Engineer: 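Quick one: the structure is below, and I'll ask about it shortly.
It should be emphasised that the depicted structure is a prediction, and the values quoted were computed from it without experimental measurement. All values below come from the heavy atoms of this structure, side chains included, with hydrogens, waters and symmetry mates left out.
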Amino acid sequence: MFVDEKPNPRSGDLYEDVSREDIVSAFRSAMIGHFRSHVPGTNINESTLLASDYLNHFHELVMLFEAIASEPRGFTDDLMSWRPLTYEEHFAESGFRDKNLAIAAYRRAPQKIRARFDEAVAWLHGEAVTLVAEVAGELTGNRKKLNKTCEKAAERLRVLIDEVNAIANGETLPDRNDPEQIGDVGGQAAIDALFGTR
């Protein structure tokens, strides 16, 4: 404040009703808007700020299960070296044209969408590791049993990939924890019953 300048009694009014949470919320909204203005023309969803290209990593595992069913020896090393990658790891290692934007947009994705996506991806990681172990356990056994295990693993993975893809693309999914939304024939409970995994 300059010497001649008189304090303005109303200047404090500007900040009185603005909490730290309000400022953080406004900043988040501004950042989401900023990224949404940069994603048109890319494979990043404008609403969720997520790129379903991340799921290519899991589609590769599905193809690997299918390949092992027909030629176990040729793809054993690939199966044993497969590991889950986080969203950021995948794009950092990929040739995706907009990978830096994909990573930055993911970091600023709307919180609820990002939380649901991350939860579904964590589930997918866990299931993928389990399925890899199940298929690996059958590699030296009966070929017919191996084929069946590979077929079930590929199908299970496709279902989970579809779920994560729906979240990335802003589609509404039933809440796994709400029996009324899932009903008798849909949702994760039915999938788990079908594959006998839970």
Side-chain angles (χ1 to χ4, degrees), residues 27-136 139 149-173 176 188 191 197:
F27 177 76
R28 277 199 187 108
S29 294
M31 290 305 293
I32 289 169
H34 170 76
F35 280 105
R36 283 182 173 153
S37 71
H38 283 78
V39 300
T42 70
N43 286 347
I44 301 166
N45 184 282
E46 197 171 332
S47 172
T48 66
L49 296 180
L50 300 169
S52 58
D53 289 61
Y54 167 61
L55 298 170
N56 291 343
H57 176 57
F58 295 96
H59 285 295
E60 288 168 10
L61 184 57
V62 169
M63 291 188 284
L64 196 51
F65 287 147
E66 292 169 344
I68 284 173
S70 59
E71 195 183 333
R73 286 189 184 148
F75 295 97
T76 298
D77 290 343
D78 294 322
L79 178 71
M80 301 316 286
S81 64
W82 189 90
R83 68 178 180 86
L85 296 173
T86 66
Y87 188 93
E88 293 189 25
E89 286 171 339
H90 169 76
F91 282 111
E93 295 177 14
S94 78
F96 186 66
R97 184 189 67 189
D98 301 301
K99 64 183 180 179
N100 292 330
L101 179 59
I103 292 169
Y106 166 77
R107 291 175 181 171
R108 293 296 180 197
Q111 283 185 310
K112 286 183 181 178
I113 293 170
R114 165 85 185 270
R116 189 157 191 203
F117 179 81
D118 287 346
E119 180 187 348
V121 166
W123 183 272
L124 180 54
H125 280 177
E127 291 293 316
V129 169
T130 299
L131 294 169
V132 166
E134 286 175 9
V135 171
L139 287 171
T149 302
C150 287
E151 185 182 317
K152 281 187 170 183
E155 187 57 35
R156 172 73 175 151
L157 212 52
R158 278 192 203 97
V159 169
L160 296 174
I161 289 168
D162 286 347
E163 182 176 323
V164 178
N165 186 58
I167 296 167
N169 288 313
E171 298 167 19
T172 305
L173 293 171
R176 279 193 204 139
Q188 196 62 47
I191 294 164
T197 56

Engineer: Under a 3.5 Å distance rule, please check whether His90 uses its side chain to pair with a backbone N or O of Pro84 as donor and acceptor.
Structural biologist: no

Engineer: Show me the pairs that pass salt bridge (Lys or Arg N to Asp or Glu O under 4.0 Å) and involve residues 55-69, at least two apart or across chains.
Structural biologist: Glu66-Arg158

Engineer: Can you name the residues that form a salt bridge (Lys or Arg N to Asp or Glu O under 4.0 Å) with Asp118, not counting sequence neighbours?
Structural biologist: Arg114

Engineer: Check side chain to side chain donor-acceptor pair (under 3.5 Å) between His125 and all other residues, then give those that pass, not counting sequence neighbours.
Structural biologist: Tyr54

Engineer: Run the side-chain contact (heavy atoms from CB on, under 4.5 Å) test on Thr149 and Leu131 for me, step by step, so that the C-alpha distance in whole Å, both residues' side-chain angles and the decisive distance to 0.1 Å come before the verdict.
Structural biologist: CA-CA 9 Å; Thr149 302; Leu131 294 169; over 6 Å; no

Engineer: Given Val121 and Ile167, is the side-chain contact (heavy atoms from CB on, under 4.5 Å) satisfied, shown in steps?
Structural biologist: CA-CA 10 Å; Val121 166; Ile167 296 167; over 6 Å; no

Engineer: State, with a plain yes or no, whether a side-chain heavy atom of Arg83 is found less than 4.5 Å away from one of Glu89.
Structural biologist: yes

Engineer: Taking Thr48 for the side chain and Ala168 for the main chain, is one N or O donor matched with an acceptor at less than 3.5 Å?
Structural biologist: yes

Engineer: Between Asn169 (side chain) and Asn165 (backbone), is there a donor-acceptor pair under 3.5 Å?
Structural biologist: yes

Engineer: Taking C-beta and beyond as the side chain, do Leu64 and Val132 meet within less than 4.5 Å on heavy atoms?
Structural biologist: no

Engineer: Could you walk me through whether Phe58 and Trp82 pass the side-chain contact (heavy atoms from CB on, under 4.5 Å) check?
Structural biologist: CA-CA 10 Å; Phe58 295 96; Trp82 189 90; 3.8 Å; yes

Engineer: Side chains of Leu61 and Leu79: does their closest heavy-atom pair fall under 4.5 Å?
Structural biologist: yes

Engineer: Tell me whether the rings of Tyr87 and Phe117 are parallel (<30°), tilted (30 to 60°) or perpendicular (>60°).
Structural biologist: perpendicular

Engineer: Under the criterion side-chain contact (heavy atoms from CB on, under 4.5 Å), I'd like the reasoning laid out for Val159 against Glu163: C-alpha separation, chi angles, the key distance, then a yes or no.
Structural biologist: CA-CA 6 Å; Val159 169; Glu163 182 176 323; 5.8 Å; no

